[in-house]
Protein chains: 2
Amino acid sequence: MGFQETFKALSDGVRREILLMLRGGKKSAGEIASCFDMTNATVSYHLSILKKAGLITEEKEKNYIFYKLNTSVFEDIMMWFAQFQDGQK
Amino acid sequence: MGFQETFKALSDGVRREILLMLRGGKKSAGEIASCFDMTNATVSYHLSILKKAGLITEEKEKNYIFYKLNTSVFEDIMMWFAQFQDGQK
DNA sequence: AATCTATTTAGAAAATTTTCTAAATAGATT
DNA sequence: AATCTATTTAGAAAATTTTCTAAATAGATT
């Protein structure tokens, strides 16, 4: 919660790729990790950052953990940017 | 140039405050620095990051350096976020 | 020309972030 | 119950970022 966490989460390229990847629907941690050239532990770390930022949510099913986008936080961020479109002088 | 730099620039709270501060129009490095409890050198560092990211531009006048928002990059960022509003399943 | 004023640059220390390896967890299968 | 499979957690090393102090720059004033 709080913009600080959300912006920090968005500042990493791997995490932005994960978000784009999830546009197509939910994916398991393993599916996500297989797209990157890093250990599953590292990808798990990135997923935890995205989750703390509220950008994704998790859902356990069998022994998989599926992640999906939480679009409402994207809207909040858009609002932040909207401040720059109005207040123009 | 490049989203990486722009998102990194936006990930710091001090820098986001600077951007909000510049909505009201251009401000000198000194005016900006006086709003923070850190050295002018540190604020100068943050300004350089914002400038490299294309979020602000500078303009020299007398021995002041004025900074102002570069709104076009904000639009590019908004476009990035727009990707998440469409591709919904 | 000497000095002042506003700002940046260089270099180092401190803080934070990213990554890895190894171990832990927890549900599913045998 | 033992083992397998998917994933996370802990702890450490490496990389990056933030901050400071001190010095440099460069235009303006005396």
Side-chain angles (χ1 to χ4, degrees), chain A residues 1-22 24-70 77, chain B residues 1-22 24-70 77:
Chain A
M1 8 211 92
F3 279 128
Q4 184 52 27
E5 257 174 330
T6 310
F7 276 106
K8 270 275 181 318
L10 288 165
S11 74
D12 183 87
V14 169
R15 291 193 290 262
R16 287 198 305 281
E17 264 203 72
I18 292 173
L19 293 174
L20 288 169
M21 196 174 288
L22 290 176
K26 70 185 183 183
K27 280 196 162 39
S28 72
E31 280 181 278
I32 296 166
S34 69
C35 302
F36 297 97
D37 187 23
M38 38 176 73
T39 65
N40 283 26
T42 296
V43 174
S44 181
Y45 158 79
H46 285 299
L47 290 168
S48 77
I49 300 279
L50 288 169
K51 195 173 59 177
K52 274 182 210 145
L55 289 160
I56 60 175
T57 56
E58 74 178 27
E59 195 181 303
K60 292 176 191 183
E61 191 182 317
K62 298 187 70 179
N63 51 351
Y64 295 88
I65 301 182
F66 286 94
Y67 287 96
K68 66 175 180 191
L69 289 180
N70 175 20
I77 289 279
Chain B
M1 12 209 83
F3 279 129
Q4 184 52 27
E5 258 173 329
T6 310
F7 275 107
K8 269 272 180 320
L10 289 166
S11 73
D12 184 88
V14 169
R15 292 195 289 262
R16 286 198 305 280
E17 264 203 70
I18 292 173
L19 293 173
L20 287 169
M21 196 174 289
L22 291 175
K26 70 183 181 184
K27 280 194 162 39
S28 72
E31 281 180 277
I32 296 167
S34 70
C35 302
F36 296 98
D37 187 24
M38 37 175 73
T39 66
N40 283 26
T42 297
V43 174
S44 181
Y45 157 78
H46 285 300
L47 290 167
S48 78
I49 300 279
L50 288 168
K51 195 174 60 179
K52 274 182 210 144
L55 288 160
I56 61 176
T57 56
E58 74 178 27
E59 194 180 301
K60 291 177 192 184
E61 190 182 316
K62 300 187 68 178
N63 50 353
Y64 294 88
I65 303 182
F66 286 92
Y67 287 96
K68 66 173 181 192
L69 289 181
N70 175 20
I77 289 279

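Keep in mind that the numbers below use all heavy atoms, side chains included, and drop hydrogens, waters and symmetry copies. Every value quoted in this text rests on a predicted model; they were computed, and no experiment measured them. By convention in this document, chain letters (A, B, ...) are assigned in the order of the sequence lines, proteins followed by strands, and residues within each chain are numbered from 1.
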Quiz item: What base-paired stems does DNA chain D take part in, with at least 3 consecutive Watson-Crick or G-U wobble pairs and both distances under 3.5 Å?
Solution: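 Looking at DNA chain D, the stems formed by three or more consecutive pairs are C:1-30 with D:1-30.
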I'd like to know if the side chain of [X] and the backbone of [Y] have a donor-acceptor N/O pair within less than 3.5 Å.
X: B/Arg15; Y: B/Leu10; value: no
X: B/Asn40; Y: B/Ala33; value: no
X: B/Asn70; Y: B/Thr57; value: no
X: A/Lys51; Y: A/Ile56; value: no
X: B/Glu5; Y: B/Gly2; value: no

Quiz item: Would you say A/Leu22 and A/Lys68 make side-chain contact, with heavy atoms under 4.5 Å?
Solution: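 A/Leu22 vs A/Lys68: side chains apart.
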Self-check item: Pairwise side-chain contact, B/Glu17 with B/Phe36, heavy-atom cut-off 4.5 Å (strictly under)
Solution: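 Answer yes - side chains close enough.
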Quiz item: Considering all heavy atoms of both residues, which atom of B/Thr6 and which atom of B/Ala53 are nearest to each other, and what is their separation?
Solution: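 Minimum heavy-atom separation between B/Thr6 and B/Ala53: OG1-O, 3.4 Å.
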Under 4.0 Å, counting only non-hydrogen atoms across every strand here, what does [X] touch: a base, just sugar-phosphate, or nothing?
X: B/Lys8; result: sugar-phosphate
X: B/Tyr67; result: sugar-phosphate
X: B/Ser48; result: nothing
X: A/Ala41; result: base

Exercise. Using the heavy-atom set of chain B and a strict 4.0 Å cut-off, write down the first and last nucleotide of DNA chain C that makes it in, 5' to 3'.
Key: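 On DNA chain C, the outermost contacted nucleotides are C/dT5 to C/dT9.
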Exercise. Please tell me which of B/Glu31 and A/Asn63 maps to the more 5' nucleotide of DNA chain C, matching each residue to the nucleotide holding its nearest heavy atom.
Key: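 On the 5' side of the pair lies B/Glu31.
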